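Bear in mind the structure is a predicted one, so any value in this text is a computation, not a measurement. Basis for what follows: all heavy atoms, side chains included, without hydrogens, waters or symmetry-related copies. Proteins come first, then strands; the chains are lettered A, B, ... in the order of their sequence lines, and each starts at number 1.
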There are 2 protein chains.
Amino acid sequence: MKPTVHDIAKSAGVSLATVDRVLNDRPGVRAVTRSKVEEAIAALGYVRDLAAANLAKGRTYSFVFILPENDNSFMIGLHEEVRGAIARSSAERTHIRIIDVPPFDPDALVDALEKVLAEKPSGVAFVAIDAPEVRAAVGRLKEAGIPTVTLVSDLPDASRDHYAGIDNIAAGRTAGSLMGRFLSGPFLAERGATVAVLAGSMLVRDHRERLEGFSSVIGESYPNVLILPVLEGRDDPALAETVVADALRRHADIAGIYSLGAGNRGLIRAVQKAGMSRRPLVIAHELTASTRAALAEGVIDAVLNQDAGHEVRSAIRVLKAKADGLPVIAGQERIRIDIFLKDNLP
Amino acid sequence: MKPTVHDIAKSAGVSLATVDRVLNDRPGVRAVTRSKVEEAIAALGYVRDLAAANLAKGRTYSFVFILPENDNSFMIGLHEEVRGAIARSSAERTHIRIIDVPPFDPDALVDALEKVLAEKPSGVAFVAIDAPEVRAAVGRLKEAGIPTVTLVSDLPDASRDHYAGIDNIAAGRTAGSLMGRFLSGPFLAERGATVAVLAGSMLVRDHRERLEGFSSVIGESYPNVLILPVLEGRDDPALAETVVADALRRHADIAGIYSLGAGNRGLIRAVQKAGMSRRPLVIAHELTASTRAALAEGVIDAVLNQDAGHEVRSAIRVLKAKADGLPVIAGQERIRIDIFLKDNLP
DNA sequence: CTGTTAGCGCTTTCAC
DNA sequence: GTGAAAGCGCTAACAG
């Protein structure tokens, strides 16, 4: 049988309470007694039954998710996944609360983090904005011993405990490779090719990193491909449509478009309306209703995706583990860069 | 506060024991009493605390994994993942046993399934072989109320409870699309292209399905591509090397190779040794040490992968859920067709 | 500093 | 048929 606290108590010749104090590093145990107990624990190979402990404590993990109230499909999906987790709360001994903040607003995010700090929850997950004041706020959470996980967009060299999101440089490189290879046939062989990039804003780190990865692969491996100056669509479908339509008009030779942000509904409309003799190759991010339909129809050629459900479940698992001081299964928490062609749609 | 069995007992005016009998459908309760209790449960919105129940029962889930003792890296990796799960057993209240069987041997698999049936474990996971006697054995497990999960390779219209693996037709189609698009440039434009397919055995369903998906995409969308008769390497590196080397010798014009099974070490050696002026485009399955290295070096162009760790964890989650009659989170159990280029290696 | 005792939510004898 | 009581492994008062 697996040893229990009783076995340890007996073996060390102390009471349950003392064993418990040692197990939970509570004060009030003489060093000698402590080591006696620790020896017994090691000798018996004791491992604590977390479920029993949580039952006894009546423990419930309180987590806060701070999400931007952005109205693009990806963020809406992320919200839904958190709500799904809330629905499962009772079975998972969690209590999860969502705080909505205005997008791209560091001050609002800092405010939210401060409020959370006052609440002292078991953990916080948030979509980071890369700004010094945000890093400072995260530092304060760390000092207070509250585990933090960044979601979707990370904070560089910060004190967050974990990042639940994709490697955006790798994503950009992947897009670059696909673009280069897919273009090779119809265009490159003859006369090189011109490629447009549509971003949301160069202010957010994930977009900058994707551009960086994309550009470096093109530069290294596909010197015949010319990248036009970045178009900024602010993740807004209407604006995206305008800037893309405009670009297609001005550059009749655009052979490919890499959309590294959101607002793809507009991009799709612009491409469809352009009615070009030779449709440009389009690579976009995030599988949503519109990108999925465009992929099936052949308007988009490939979609790079991050699984919001995985990110949310991972964030919760990691926060729980951090709250308990337990290790995580690294492979389970790695968020993949999913590549979808029309053939492997889920 | 969440209602407990005590609240139900009080509200229904019965004892804890009776509530428990109703909750677990045990006999010895008059219909009237039963419905009184059921009403209380509904009225209070009671949900059972599984952790507490398992603690009281001293329950531990006993699972058996039946794995082919194949010596390719993928299967070795799968074994390791199961061993990882075994290492976590105590924390997860599971007791997992591995049964090794000779590969591609339906009789051996049936024998193993029969032995398992006699043991009456809480659940079984196995790499299926598509044969009537296997389906029959699974039927017997189902009758005995033992949940079953197929791993990696499925059993068609069978009574298994769940399949933890990828959609192999979609995987084949994806490989076909990538092959077609990647080939377009250097080869197709001029004179069409010849492609070789290396499989393990046409006896296993996953290999047949991948071939089917691959062939149909090529047929539909890349009529210039000619697929040579399938090479069978029995997932064995040495044999794979021989058959591939032989094929490359006989068909100097091979422009692409789709390796839809295992034994890629041999394939890689054959391609490297062939020293062709123009290296064929290679698409393979399963990210292992050797395919990863080949991808990085440019010997392999793309790898389709199924995450063995995800499959094993998923199988365990599903078996637990089935054993408890609980629902699963569909999105969490979908095994993705991972596509790796050299740019998005994990 | 250490031990005793009750109890978390559920199941399980064993009486009645 | 039904109920009272003990206990799963752990924690939390409260005494000493």
To the nearest angstrom, how far is [X] atom [atom1] from [N] atom [atom2]?
X	N	atom1	atom2	value
A:Lys36	C:dC1	NZ	C1'	12 Å
A:Ile8	D:dG9	CD1	C1'	11 Å
A:Leu55	C:dC8	CG	P	9 Å
B:Tyr46	C:dG9	OH	P	10 Å
A:Ile41	D:dC10	CD1	C1'	13 Å
B:Asn54	C:dT12	CG	P	11 Å
A:Arg93	D:dC10	CZ	P	15 Å
B:Asp20	C:dT11	CG	C1'	5 Å

side-chain N/O [X] vs [N] OP1/OP2, d < 4.0 Å:
X	N	value
B:Thr33	D:dT2	yes
B:Thr18	D:dT2	no
A:Ser15	C:dG3	yes
A:Asn24	D:dT11	yes

Counting only side-chain heavy atoms from C-beta out, which of [options] sits nearest to [X]?
X	options	result
A:Leu23	D:dT11, D:dC10, C:dT11	D:dT11
A:Asp49	D:dC10, D:dG1, C:dT12	D:dC10
B:Val29	C:dT11, D:dT2, D:dG9	D:dT2

If you look at every strand shown and take non-hydrogen atoms under 4.0 Å, does [X] touch a base, only sugar-phosphate, or nothing?
X	value
A:Ala53	sugar-phosphate
A:Gly58	nothing
A:Val14	sugar-phosphate
B:Arg48	sugar-phosphate
B:Val5	base

Between B:Arg30 and A:His6, the residue closer to the 5' end of DNA chain D by nearest nucleotide is B:Arg30

Taking N and O atoms by type only, does the side chain of B:Arg34 place a donor or acceptor under 3.5 Å from a partner on the base of D:dG1?
no

Between the base of D:dG1 and the side chain of B:Arg26, is one N or O donor paired with an acceptor at under 3.5 angstrom?
no

Taking for each residue the nucleotide of DNA chain C with the nearest heavy atom, is it B:Arg21 or B:Val47 whose nucleotide lies nearer the 5' end?
B:Val47

B:Leu117 and B:Val124: side-chain contact (heavy atoms from CB on, under 4.5 Å), yes or no, with the steps?
CA-CA 9 Å; B:Leu117 175 56; B:Val124 194; over 6 Å; no

Just by distance, no angles: are the side chains of B:Asp154 and B:Thr150 close enough, under 3.5 Å, to form a donor-acceptor pair?
yes

Any luck finding a side-chain donor-acceptor pair between B:Arg48 and B:Asn24 under 3.5 Å?
yes

Could you check whether any side-chain heavy atom of B:Asp307 comes within less than 4.5 Å of a side-chain heavy atom of A:Gln332, counting everything from C-beta outward?
no

Tell me, do A:Arg334 and A:His310 make a side-chain contact under 4.5 Å, heavy atoms counted?
no

Report yes or no: is the cationic atom of A:Arg160 (NZ for Lys, CZ for Arg) under 6.0 Å from the centre of the six-membered ring of A:Tyr163, at an angle within 45° of the ring normal?
no

